[in-house]
Amino acid sequence: MKSLKYLTGLGLVYALTLGSAAAGELVINSDQSDPAPKKAMEQLIADFQKANPDIKVKWNNFDHEGYKSAIRNFLTADAPDVVSWYSGNRMAPFVKAGLFEDVSDLWAQGDLNNQLKSATKSMEIDGKKWGIPYSTYQWGIYYRKDIFAEKNITPPKTWAELLAACEKLKAAGITPFTIGTKALWPTGGWFDYLNLRVNGYEFHMDLTAGKVPYTDPRVKAVFEKWGELVKPGYFNANHAAIDWQDAVPQMVQGKAAMYLMGNFAVATMKDGGLKEEQIGFLQFPTITPGIPMAEDAPTESFHIPSGAKNKADARKFLAYLALPETQTKMNATLGQLPINNKATKSNDPFLAAGFEMLSNAYALAQFYDRDAPADMAKAGMESFQEFMVKPDKLDAILARLDKVQARVYK
Amino acid sequence: MTQAVSSAPGFWKKNQQKLAPWLFLAPGLLMFVIYVLVPIFQSIWISFHDWDGLGEKVWIGLGNYVELIDDEDFYTSLKNNIIWLVLYLLSIPAGLAVALFLNQTVTGIRLYKSLFFFPFVISQVVVGLMFTWFYAPDFGLFSQLLKWLTGEEVAVLADERYVTYGIIAAGLWPQTAYCMILYLTGLNNINPEQVEAARMDGAKGAKLLWFVVLPQLAPATFIAMVVTVIGSLRSFDLVSVMTAGGPYGTSQVLSYFMYEQALSEYGYRMGYGAAIAVILFLIMMIFITLFIVRMLSQERNA
């Protein structure tokens, strides 16, 4: 089914791009296949066409997995005019291969350098901007408010308080943290936050940029903290067998009390039967005192391939995407936060909490698998999973990561 | 008009006998060359390069193979492939047993045969999903059963000690059905006179099976062997669906390892993936050569 979609998608791309010589036709490829993103995208395109009646948008929507391999084909073979992709290091291979267009000029005109400031770092490579960001969401600990109240636990602000809360929950027969690591990436959130809190943003960026080895004692310190949760069994057993969605029922059924996740998990929790007042959100607690609090906030963005045929209209589209009004409307549908600081955000309590946290954040990290190069991220997250199962193998794990690092960043 | 043609016995007329088979073979040969032979050599060529599929290929000679020798994941995959190879062969005796069991005339036997054949008809992906749920901690049938029996739960697919065996068990289900069908057709062709004669000589049970029936099933066994060995080396779908190589890469097999390195979200190391493919190809060549040699020698004897 997936491959069928992929093939029809690919077929569409060829059919459309071949016929795209007609003036004023804008071809957009993206992977907004989930219901909310799809609706947001449909609205965006309709509004854009209303504002620019002379431009006709052709939108090819792919499914996620298919898109990740399809983009490599269509960027080189027959590029559309606008594509969605991930910012940070995930776009670096395309930028380095000269497949993305420099759009610094778009940022310079209009007040974008100012309005989109929070996402500057994630869109910048070699001092140039390579796309327009439009949406983000926060990561943090979602917890069962009612269970915390019942067990008389106040939301922890420091590591010691978190450990105390975990101990209390565990003693009451409740798993403190639920997680599903089958798809590996949920472990990345844990490593990000522990590293950001133990060593801070600059060190985290140095590590993901390959400037520090994984056997560095500071990295080891991160795993020591992680071990303080792993060794007493504060995570659900068997997490390696389940996906992130399968970890949610644990929390819904009250078998687990906390979940370190992105804001999209709230919708799943509510679908599972939790009421809004049962769910609480808390910022990941302080570990090393005095280290400024940085957060994980993945950014979603659109880019122009350098092989695009209709770059003029593609620029118009990206400029439209950057407008505060556009981002307000889109993110209301998406249930996420706009990047443009002039945009109005939704009054959903979780988004409001997230917005406050992110606007006070010292810096924003993208997420481990976007900040680190793809093959490093894969090996890293596999190791995090292994550590969560066999914490005693830490030294062997870190040595292996050094080996991968030496190859990836050569 | 007809005269003109017949009066000039041209090149075609003279060589018709020789050319006709090649003409008939041409479409198939062409496809085989384009889609099988050329890609094999392309893979070998790519395996000597460092290439991400986008930029320039960089010639690194045997670099990928040197790295492979030093790669833990490669040995994990190789070891798992060997476990697959050995245990997957169990589907042959299992298939034979089921076939012998079903080779009788009872009302509704066709229905039973179809039911036993069913797992081979459904897609491997579906088999994988069913077994994933079967093993799932908390609600899976197998976990529940284990909990009831031993009081302890084992998440088969999350435990590096059991994960490969868990996936192979899932793979054996359809493969046994396949071998069963091969043996059922084989049993149809058994010479009843020989069985009769053996019976008169007093052979029965295991002896009859071993000395009279099995030798006649040799062609079926051979085919079952070939498809099972090759199937075990190609095992990809189940690994991909059930564990994606996890936990932490312990259920990888060579074909999945290759896919992950060359084509997955985190890989795009075409050269390295191609090097793994070449190694897998060489391993397969050993078996394929053995099979072909055997086949040829049989044909010569016949």
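In what follows, chains are A, B, ... by sequence order, proteins preceding strands, each numbered from 1. These numbers come from the heavy atoms of this one structure, side chains and all, not from hydrogens, waters or symmetry mates.
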Fill in: Pairs where residues 117-129 of chain B contributes a residue and the test side chain to side chain donor-acceptor pair (under 3.5 Å) is met, not counting sequence neighbours
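Every pair satisfying side chain to side chain donor-acceptor pair (under 3.5 Å) with a residue in residues 117-129 of chain B: there are none.
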Worksheet item: Applying side chain to side chain donor-acceptor pair (under 3.5 Å), which residue pairs with at least one partner in residues 80-90 of chain B are found, sequence neighbours left out?
Response: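 The answer is B:N80-B:T164.
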Worksheet item: In Å, rounded to the nearest 0.5 Å, how long is the span from CZ of A:R407 to CG of B:D71?
Response: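 Answer rounded to 0.5 Å: 8.0 Å.
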Discussion item. What's the separation between atom CG in A:N238 and atom OH in B:Y135, rounded to the nearest 0.5 Å?
Written reply: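 Nearest 0.5 Å value for the CG-OH distance: 14.5 Å.
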Worksheet item: Measuring heavy-atom distances to chain A, does B:E56 have an atom under 4.5 Å in its side chain, in its backbone, in both, or in neither?
Response: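 Neither; nothing under 4.5 Å.
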Item to complete: Pick one of side chain, backbone, both or neither for B:D52, based on which atoms fall under 4.5 Å of a heavy atom in chain A.
Response: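 Both backbone and side chain of B:D52 come within 4.5 Å of chain A.
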Return yes when atom [atom1] of [X] has more than 12 non-hydrogen atoms of other residues, nucleotides or ligands closer than 6.0 Å, and no otherwise.
X	atom1	result
B:Y75	OH	yes
B:Y165	OH	no
A:K170	NZ	yes
B:W148	CH2	no

Worksheet item: If you check every heavy atom in residues 248-257 of chain B against those of chain A, which residues fall under 4.5 Å?
Response: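 Expected list: B:Y248, B:G249.
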Worksheet item: If you tally heavy-atom pairs under 4.5 Å against chain B, which of A:H239, A:R72, A:K68, A:K390 wins?
Response: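 That would be A:R72.
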Item to complete: Could you have a look at A:R400, A:Q250, A:E382 and say which one has the most heavy-atom pairs with chain B under 4.5 angstrom?
Response: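 The candidate making the most pairs under 4.5 Å is A:E382.
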Worksheet item: For A:K403, is it the side chain, the backbone, both or neither that has a heavy atom under 4.5 Å from a heavy atom of chain B?
Response: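 When you check distances to chain B, only side chain atoms of A:K403 fall under 4.5 Å.
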Practice prompt. Identify which part of A:L75 has an atom lying under 4.5 Å from any heavy atom of chain B, answering side chain, backbone, both or neither.
Written response: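 Contact with chain B is absent: no heavy atom of A:L75 under 4.5 Å.
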Worksheet item: Going by heavy atoms in the side chains, are A:K182 and B:L157 under 4.5 Å from each other?
Response: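 With C-beta onward as the side chain, the pair stays apart.
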Discussion item. A:D395: which residues meet the salt bridge (charged side-chain N to carboxylate O under 4.0 Å, His left out) condition with it, sequence neighbours left out?
Written reply: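 For A:D395 the salt bridge (charged side-chain N to carboxylate O under 4.0 Å, His left out) partners, ignoring immediate neighbours, are A:K220.
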